[in-house]
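Worksheet: one structure, shown below.
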Amino acid sequence: MTRKIRAAAAIALIGATALVAAGCSAGSDAANGDGKVTMTFWHNSTTGPGKAFWEKTVKDFEAKNPNVTIKIQAIQNEDLDGKLQTALNSGSAPDVFLQRGGGKMAAMVNAGQLMDISGSIGKTAKSQVSDGAFKGYEQDGKTWAMPVDVNPEGIWYSQDLFKQAGIEGTPTTLDELNADIQKLKDAGIQPVAVGAKDAWPAAHWYYNFALRACSESVLNKTAQDLKFTNSCWTQAGKDTKAFFDTKPFNDGYLTTAAQQGAGSSAGLVANHKAAMELMGAWDPGVISSLTPDGKPLADLGFFPFPEVSGGKGAPGSMMGAVDGYSCSAKAPKQACTDFLNYMTEKPVQEAYYKAFNAIPANQSAQSVVTEPYLKNVLAAYNKAPFVSNYLDTVYGQNVGNALNTSVVNLLAGKGSVDDIVKTVNQAAAKG
């Protein structure tokens with residue numbers, strides 16, 4: 001969140017002014033008199049194999065397209081949405097950028113800020129990327145982004161720490177999860193890591209409780225009218241508070257970042273300082289970049305978010321997202337859509353998987369997935385009766401920010417369950 005990627009750790013960030021200035025080159029350099037094209041490209045992979053992947057991918061694309069030059073900006077995930085919105089609103093958007101979809105994308109489409117790529121989707125993408133993956137990037141009968149991976153969400157855990165606490169198997173219900181959390185506490189192990197400093201990771205607990213409490217029809221209807229009036233939204237808040245009250249999180253969770261450094265929530269799992277983290281399928285790549293040797297965590301496991309009794313959500317439903325990339329409305333169309341199509345080629349998608357430990361959108365490239373935890377993710381995803389995009393994406397940036405903040409306030413003891421619903425309704429009313 002995504003987040004979903006939503007996949008990266010830290011790099012020395014370039015100031016906002018420099019980023020906007022770089023974005024300005026999109027319009028001025030888009031079509032030079034000599035036929036050469038320069039594009040700007042923003043992504044959120046700021047360190048390790050992910051950053052190296054995009055550098056190599058751009059270099060390889062430029063070698064195949066000698067008239068195209070791509071200038072890369074790697075921006076920390078939690079900073080990307082704000083900087084991108086500023087650039088879009090100022091008319092200095094990058095030519096290519098990470099697209100979350102949902103209400104955030106809808107706002108860009110309605111503002112005329114995105115390129116319609118419907119007529120430029122290549123043969124590989126058409127034949128190897130599922131209709132379901134594209135569905136999240138469709139609006140008004142047109143396609144506005146190219147999918148590159150799928151990111152179902154669930155709980156990532158250390159098998160070694162589970163064994164150390166005497167836990168056999170994985171929990172399938174909330175009661176079982178709570179029992180396992182107590183076993184971890186009894187063994188002196190921090191049960192769950194959460195990067196509440198970044199707000200959205202804590203709010204994802206509410207998202208998943210809402211997915212259990214609310215039916216698919218309610219979630220979809222709310223995306224249309226942005227009215228959080230159904231009682232399931234309050235029930236989700238009550239379930240979230242009850243879980244928070246069990247004190248399942250790491251020490252200092254309110255000041256813990258999600259993906260930056262060994263002390264982040266992903267870093268705590270990577271270094272066996274905490275047993276679990278709720279996160280999307282980009283998390284293995286982040287975790288691997290934060291282990292002591294920079295390699296994948298050997299004992300990493302995955303299980304879907306547990307079922308919660310009494311809710312209206314279909315059992316097995318998952319939170320999840322498709323990560324993709326859009327072209328801005330002012331980008332050079334041929335060069336930009338060629339680059340998007342290049343991202344979906346099988347060799348590129350296989351390299352993407354190796355860099356991020358994330359599930360590639362190209363189905364022919366999914367055969368390279370060997371990790372048991374990712375196979376478990378795919379199995380749960382393929383049989384899920386409903387997959388919802390992350391709520392801060394589905395309901396747009398204003399409502400999403402209000403939702404994330406109000407859940408963190410609940411976690412910090414500064415707000416109530418009623419405040420969550422009240423706050424998001426107020427944000428929705430403001431438009």
Side-chain angles (χ1 to χ4, degrees), residues 2 4-6 26 30-31 37 39-44 53-54 57-58 60-65 67-68 70 72 84 88 93-151 320-353 356 358-368 381-382 387 389 393:
T2 326
K4 296 246 177 138
I5 249 176
R6 309 205 289 245
V37 171
M39 298 192 298
T40 48
F41 172 39
W42 288 13
H43 65 76
N44 66 342
F53 164 81
W54 284 120
T57 298
V58 165
D60 290 347
F61 178 80
E62 289 175 335
K64 295 175 183 291
N65 299 270
N67 286 333
V68 179
I70 299 176
I72 304 173
L84 178 60
L88 287 166
D95 296 290
V96 190
F97 54 87
L98 179 68
Q99 179 57 254
R100 313 260 194 210
K104 293 180 179 179
M105 187 191 79
M108 297 175 195
V109 172
N110 295 338
Q113 296 168 332
L114 298 186
M115 179 186 296
D116 170 17
I117 67 168
S118 306
S120 304
I121 298 171
K123 292 181 180 179
T124 297
K126 285 183 177 179
S127 64
Q128 299 299 326
V129 179
S130 71
D131 291 342
F134 272 111
K135 187 176 181 181
Y137 292 135
E138 293 174 356
Q139 183 177 322
D140 302 330
K142 299 176 182 179
T143 303
W144 304 95
M146 182 70 72
V148 295
D149 67 24
V150 294
N151 281 299
V322 176
D323 279 325
Y325 285 83
S326 286
C327 294
S328 69
K330 297 180 181 179
K333 185 167 186 177
Q334 187 67 53
C336 196
T337 55
D338 282 351
F339 184 46
L340 295 189
N341 281 310
Y342 182 68
M343 293 180 187
T344 69
E345 294 295 325
K346 184 178 179 181
V348 178
Q349 286 273 283
E350 290 176 342
Y352 185 96
Y353 155 75
F356 293 105
I359 301 169
N362 183 321
Q363 293 173 322
S364 67
Q366 291 177 358
S367 60
V368 300
Y381 181 75
N382 288 336
V387 178
N389 204 330
T393 298

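The analysis underlying the following values was restricted to heavy atoms, covering all of them including side chains, and did not include hydrogens, waters or symmetry mates.
A distance of 6.5 Å separates CZ in F134 from CD1 in I117, rounded to the nearest 0.5 Å. Interatomic distance, N389 CG to R100 CZ, rounded to the nearest 0.5 Å: 10.5 Å. To the nearest 0.5 Å, atom NZ of residue K64 and atom OH of residue Y342 are 5.0 Å apart. The distance from atom NE2 of H43 to atom CD1 of I72, rounded to the nearest 0.5 Å, is 5.0 Å. Distance CD/Q334 to OG/S120: 7.0 Å, rounded to 0.5 Å. Separation of atoms OG (S127) and CD1 (I121) is listed at 11.5 Å; rounding is to 0.5 Å.
Two residues are said to be in side-chain contact when any heavy atoms from C-beta on lie closer than 4.5 Å; K346 and T124 fail this criterion. In this structure, the side chains of D149 and I359 stay at 4.5 Å or more apart for every pair of heavy atoms. Here the side chains of T337 and M115 are in contact, with some heavy-atom distance below 4.5 Å. For the pair Y137 and Q99, the minimum side-chain heavy-atom distance is below 4.5 Å. Side-chain contact between Q139 and N110 is present, with at least one heavy-atom pair separated by less than 4.5 Å. Taking 4.5 Å as the limit, some side-chain heavy atom of I70 sits within range of a side-chain heavy atom of M39. Counting only heavy atoms from C-beta outward, the side chains of T344 and P147 never approach each other to under 4.5 Å. Residues W144 and D116 meet the side-chain proximity criterion, which asks for heavy atoms closer than 4.5 Å.
The minimum heavy-atom distance linking Q366 with A361 is given by the pair NE2-O, 4.2 Å. Shortest non-hydrogen contact noted between V148 and Q349 is O-NE2, 3.1 Å. The nearest pair of heavy atoms linking L340 to C327 is CD1-SG, 3.6 Å. Contact detail for C336 and D95: the closest heavy-atom pair is SG-O, 3.6 Å. Nearest heavy-atom pair across K142 and S118 is CA-OG, 3.3 Å. A pairwise comparison of heavy atoms in G122 and N341 identifies N-OD1, 2.7 Å as the closest pair.
Other residues, nucleotides and ligands contribute more than 12 heavy atoms inside 6.0 Å of the CG atom of N382.
Ring-plane geometry between Y352 and F53 is classed as perpendicular, the angle between the planes exceeding 60 degrees on a 0 to 90 degree scale with a lower cut at 30.
Remark: F339 engages F41, F61 in a ring pair (Phe, Tyr, Trp, His ring centres under 6.0 Å) (not counting sequence neighbours).
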Query - Steps toward side chain to side chain contact (heavy atoms under 4.5 Å, CB included) verdict (W54, M343) - result: CA-CA 10 Å; W54 284 120; M343 293 180 187; 3.9 Å; yes
